[in-house]
Amino acid sequence: MSQKISGVKGMNDVLPGGEVEAWQFVERTARELFQRYGYGELRTPAVEDTALFIRSVGEDTDIVGKEMYTFEDKGGRSLSLRPEGTAPAVRAFIEHAVSNQEPVTRWFYLGPMFRYERMKTGRYRQFSQLGCEAYGSRDPAQDVEVLDFLWQFLGALGLSGVRLHLNTLGDDACRPAWQASLVAHLRGQQGTLCADCQRRLETNPLRVLDCKSEQCQSVARAAPDIHGALCNGCRAHFEDVKRLLGALSIPFEVDPRLVRGLDYYTRTTFEFIASDPVLGTASTVAGGGRYDKLVKSLGGPDTPAVGFGLGLERLVLLLRATGRQFTAPPELFVAWMDDASRTEALVRISALRRAGFRVEFDPRGGSLKSQMKRADKVGARFALVLGDAELKSGEAQLKQMAGGEPVPVKLAGLGEFLSAARATT
RNA sequence: GCGAUCAUAGCUCAAUUGGCAGAGCACUGGACUGUGACUCCAGGGGUUACCGGUUCAAGCCCGGUUGGUCGCCCCA
């Protein structure tokens, strides 16, 4: 008995016919833009040693604590499907001793990530992330280059209504003292915190700051502000980031309660947040920041780094909500009448395709009417029919599907005609 | 991990107190000898998500499972 097999929960197919074309547009745009910024593409395996994520992302984060796809392979190793892209990139950076070969390394990656979560709008168990990693510079110019990329990228996609939220988390010199005073403040108000935040107080106290519940918000507002506790180095860094963003005319808002869920961030953190209702409550499109200690903590040289991760599903949702079309319909559709014209049609079609034109036909043949319906269905710009008369005269009536008089065209001159037509699109 | 809600043709959805499972779109063919869209006609398509129960009789009532959607948590 054959049983129906369906796809795995939370993991989706992307089909051609509008959907995959939107993805390709995003990917093309990203690759082209990264090339301009001097970032090379890094490809790492989907699976890593589980310990990599425990040590980088953090044992107490939700991502590692309950969302990883972890399994044991036949050799008894504990492996995990990657839940994010930074840790594998850093692993590769260290493993290939890249910093011995060049002082600055700038990589981007694009591929599937996996988190075992309950699904909702814009959140899936397999999702695609686009991200970058810039190693080797502590200069705020590097932070701002990353932000500038994202700003340009969203602009190139035609997405407006995405706002940049910016914050700093300090570093080893100032964060511990601030965090201690934060915890002390929260403990004083412990009774008024929601149940979740009571727990966060122990596991990840920074997250109390962006809790959405009313009472936690009021406690958070009265909490000691990181901006008042920054050491001189962190203060200067943050001021410089803001100044450089201003110089590039990139709008942003400082959000002192912006905290990220991964443990490795230092100094700059940011999120790009969309307001479009198609995302529901999944409004964060991209997030990232600086992680100056991560490379060293994973056993590499003391190397500062900045990067971001961006959710492609959410981006594609936004893009498709704009109603834009990304398909490239055929420029010419060829119909044939009989066996002799079928041969001629295939030869002509192949030649035009080799010359770079998008040409379609109905591989089933069939009545002329059905072939013309097909031409209409696939959105061809022009259509022509090959039969006895055309083979004899070497000329065909080229029909413009959108309307207008058919134009006689020599079969030998089809390429030239289509080239000219492209110019008038 | 918690909660709400839903599941009928490829898609969007109907089906009266439980009583023969339907329409639109899409697909195929024809009306129309070699020219699509508009119109008309016809046709193919279903174990009503799955498993069990109640009943003479279940798409409908009851229990469970799986999956979708939305919210909480968290994140991209």
Side-chain angles (χ1 to χ4, degrees), chain A residues 1-12 15 17 57 60-67 82-86 110-131 150 162 194-197 199-200 203-204 207 210-213 216 259-262 271-274 277-288 308-318 333-338 341 362 364 366-390 396-403 406:
Chain A
M1 288 295 286
S2 67
Q3 246 179 341
K4 189 161 70 177
I5 296 180
S6 49
V8 175
K9 177 173 178 155
M11 305 192 180
N12 300 312
L15 274 53
V57 176
D60 293 329
T61 61
D62 280 4
I63 292 176
V64 168
K66 47 189 196 191
E67 295 173 0
R82 59 180 179 190
E84 58 101 39
T86 291
L110 193 165
M113 308 291 163
F114 303 84
R115 293 180 198 171
Y116 191 89
E117 291 185 277
R118 197 82 149 81
M119 294 157 53
K120 48 163 294 210
T121 308
R123 195 179 66 189
Y124 311 94
R125 289 182 172 180
Q126 175 176 333
F127 62 102
S128 297
Q129 214 168 325
L130 170 71
L150 276 166
V162 180
C194 70
D196 283 329
C197 285
R199 178 176 48 77
R200 289 188 187 113
T203 59
N204 202 340
R207 293 227 62 93
D210 70 348
C211 179
K212 285 161 190 78
S213 91
C216 298
V259 169
R260 310 230 64 240
L262 290 65
E271 288 183 358
F272 281 79
I273 297 177
V278 294
L279 290 186
T281 52
S283 52
T284 300
V285 168
F308 72 82
L310 176 147
L312 289 180
E313 280 78 5
R314 292 179 185 179
L315 214 54
V316 169
L317 275 174
L318 288 174
F333 189 98
V334 178
W336 68 74
M337 300 304 300
D338 52 27
S341 50
D362 189 335
R364 302 167 303 175
S367 70
L368 181 59
K369 180 194 176 86
S370 68
Q371 292 184 66
M372 288 305 294
K373 284 178 84 157
R374 195 81 208 137
D376 184 48
K377 181 75 184 179
V378 299
R381 184 170 178 198
F382 296 103
L384 69 76
V385 177
L386 286 184
D388 274 348
E390 288 77 13
Q397 295 294 319
L398 192 64
K399 182 169 192 168
Q400 201 162 171
M401 297 302 284

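Per chain, numbering begins at 1; letters A, B, ... match sequence-line order.
Here the side chains of A/M11 and A/Y124 are not in contact, with every heavy-atom distance at 4.5 Å or above. For the pair A/F333/A/D376, no side-chain contact is recorded, criterion being any heavy-atom separation below 4.5 Å from C-beta on. Considering only heavy atoms from C-beta on, A/M119 comes within 4.5 Å of A/K9 through its side chain. Residues A/F127 and A/R314 have side chains not in contact (no heavy-atom distance under 4.5 Å, counting atoms from C-beta outward). Between A/Q126 and A/E313 there is no side-chain heavy-atom pair separated by less than 4.5 Å.
Taking the P atoms as reference points, B/C25 lies 26 Å from B/C20, given to the whole Å. Here, B/C50 and B/G36 have their P atoms 42 Å apart, quoted to the whole Å.
The phosphate of B/C73 (OP1 or OP2) has no side-chain N or O of A/R207 nearer than 4.0 angstrom. Residue A/T121 has no polar side-chain atom (N or O) positioned under 4.0 Å from OP1 or OP2 of B/U69. The phosphate of B/U28 has OP1 or OP2 within less than 4.0 Å of a side-chain N or O from A/R364.
The CG atom of A/D60 sits 16 Å away from the C1' atom of B/C73 (whole-angstrom rounding). Between A/M119 atom CE and B/G67 atom C1' the separation is 9 Å, expressed in whole Å. In this structure, the NZ atom of A/K66 is 12 Å from the C1' atom of B/C75, given to the nearest Å. Going from atom CZ of A/R118 over to atom P of B/C2 covers 8 Å, rounded to whole Å. For A/L317 and B/U69, the CG to C1' distance is 13 Å, given to the nearest whole Å. A straight line from CD of A/E117 to C1' of B/C72 spans 13 Å, rounded to a whole angstrom. Rounded to whole Å, the distance from OH on A/Y124 to C1' on B/G68 is 11 Å. Rounded to a whole Å, the CG atom of A/D338 is 13 Å from the P atom of B/G34.
Considering only the side chain of A/L262, B/A76 comes nearest among B/G3, B/G34, B/A76.
Nearer the 5' end of RNA chain B, as judged by each residue's closest nucleotide, is the contact made by A/L279, out of A/L279 and A/L312. Toward the 5′ end of RNA chain B lies the nearest nucleotide of A/M11, the other residue of the pair A/A286 and A/M11 mapping further downstream.
Applying the side chain to side chain donor-acceptor pair (under 3.5 Å) rule to A/T61 yields no partners; only residues at least two apart in sequence or on another chain are considered. For A/F272, there are no ring pair (Phe, Tyr, Trp, His ring centres under 6.0 Å) partners two or more places apart in sequence or in a different chain. Residues forming a side-chain contact (heavy atoms from CB on, under 4.5 Å) with A/P406 (at least two apart in sequence, or on another chain): A/Q397. Looking at residues two or more places apart in sequence or on another chain, you find no side chain to side chain donor-acceptor pair (under 3.5 Å) involving A/D62.
A salt bridge does not link A/R115 with A/E84: none of the charged nitrogens is closer than 4.0 Å to a carboxylate oxygen.
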What does the B/S/- profile of nucleotides 35-46 of chain B look like, 5' to 3', with a 4.0 Å heavy-atom cutoff to protein? BBB---------
Secondary-structure string, 5' to 3', Watson-Crick or G-U under 3.5 Å, | for another-strand partners, for RNA chain B: (((((((..((((.....[..)))).(((((.......))))).....(((((..]....))))))))))))....
